[in-house]
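Structure first, commentary second.
Fair warning: this is a prediction, and the values are worked out from it, not measured in the lab.
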Amino acid sequence: MTPSKTLRLTVIQEAPGSRDLERNISRIREGIAAACETDLIVFPELFLSGYQTSALAEIALQRDDPRIASLADCCRTTGTALLTGYVEDGPGGFFDSYLAIDRDGTVNEPIRKTHLFGAEREAFLSGDVLAPVTLCDTKIGVLNCFELEFPEVSRTLVLRGAELLVAGSANMHPYERDHLIAATSRALENRVPLAYANRIGAESGHRFCGSSRIVDRDGTVLAALDSVETGSATADVEVDLRSGGATDMLGQRRPELYES
């Protein structure tokens, strides 16, 4: 095995204020300040706005918005990197995106959701890029909710260099079991750790099912929350550690057999 490095991850599980960007941004700033020894903090899908699919112009942000700059300042001050979901006002329309800010305050390109679920397909444009983002000197594959259920998305990100998978979600009942299985499977089949941050509460006709967790490369759950509690889960994970021998999943692939 190659030498590894350790990252401390924190996933946040709670209900954002519906369409209340100021409150939610304040909550993120509080979370970053409280997690002062964390390398990377992760909030759920669309946390800045709540789970909304209508009147998006009122809650969408562009990359150069001063409110995003305020979060970048917070990351820079604390040395903590941030991943949080938001409505992006992008080229040609709106995207269900992830904001990725490094611990030095660098604001990366938005990570746009490529696989939209249900009514999201009528509200958002689909992203068309699958590429890891570098945070904390680590290549991270970011999965946005429904993307977690497609093994191809995680595998593509890992083949393109991701050393850690991070899934942010607004997963709702009756799909709790789907994501519990998927989170463990995506970690185990790629032999990389996975952090999963899901929200709770009710909004837009949905009840969200929490169960946020951090899963190690062998499928071990390192830290977890239940389906209703507000809180955070923190764990240290080893990254940049590639398995050899019988568990070298990438090295033993036979892609010539898989393509249709």
Salt-bridge criterion met for Arg8 and Asp236 (N-O under 4.0 Å): yes
Glu45/Arg199 ion pair, N-O < 4.0 Å: no
Donor-acceptor under 3.5 Å (Asn144 side chain, Lys113 main chain): no
Judged by atom type as modelled, is there a donor-acceptor pair below 3.5 Å linking the side chain of Asp218 to the main-chain atoms of Thr220? yes
Counting only N and O atoms by type, is there a donor-acceptor contact under 3.5 Å from the side chain of Thr53 to the main-chain atoms of Ala123? no
Ignoring hydrogens and geometry beyond distance, is a side-chain donor-acceptor pair present between Asp102 and Asn108 at under 3.5 Å? no
Angle between ring planes, Phe43 versus Phe47, binned at 30° and 60°: parallel, tilted or perpendicular? tilted
Any donor-acceptor pair under 3.5 Å linking the side chain of Asn171 with the backbone of Tyr175? yes
Would you say the side chains of Tyr51 and Glu120 form a donor-acceptor pair under 3.5 Å? yes
Any ion pair linking Arg112 and Asp96 (charged N to carboxylate O, less than 4.0 Å)? no
Would Ser211 and Ser227 count as a side chain to side chain donor-acceptor pair (under 3.5 Å) if you check the C-alpha gap in whole Å, the side-chain angles of each, and the deciding distance to 0.1 Å? CA-CA 5 Å; Ser211 298; Ser227 62; 5.1 Å; no
Connected via hydrophobic side-chain network under 4.5 Å: Leu148 and Ile200: no
So, does Arg191 use its side chain to make a donor-acceptor pair with the main chain of Leu188 at under 3.5 Å? yes
Just by distance, no angles: are the side chains of Glu14 and Thr230 close enough, under 3.5 Å, to form a donor-acceptor pair? no
Donor on one side chain, acceptor on other, Glu203 and Ser18, under 3.5 Å: yes
So, Thr10 versus Thr234: side-chain donor-acceptor pair below 3.5 Å or not? yes
Decide, yes or no, whether a salt bridge links Lys5 with Glu238 under the criterion of side-chain N to carboxylate O below 4.0 Å. no
Partner set under side-chain hydrogen bond (donor to acceptor under 3.5 Å, both in side chains) for Tyr86, not counting sequence neighbours: none
Would you say the side chains of His115 and Glu149 form a donor-acceptor pair under 3.5 Å? no
Glu22 bridged to Arg67 by N-O distance under 4.0 Å: yes
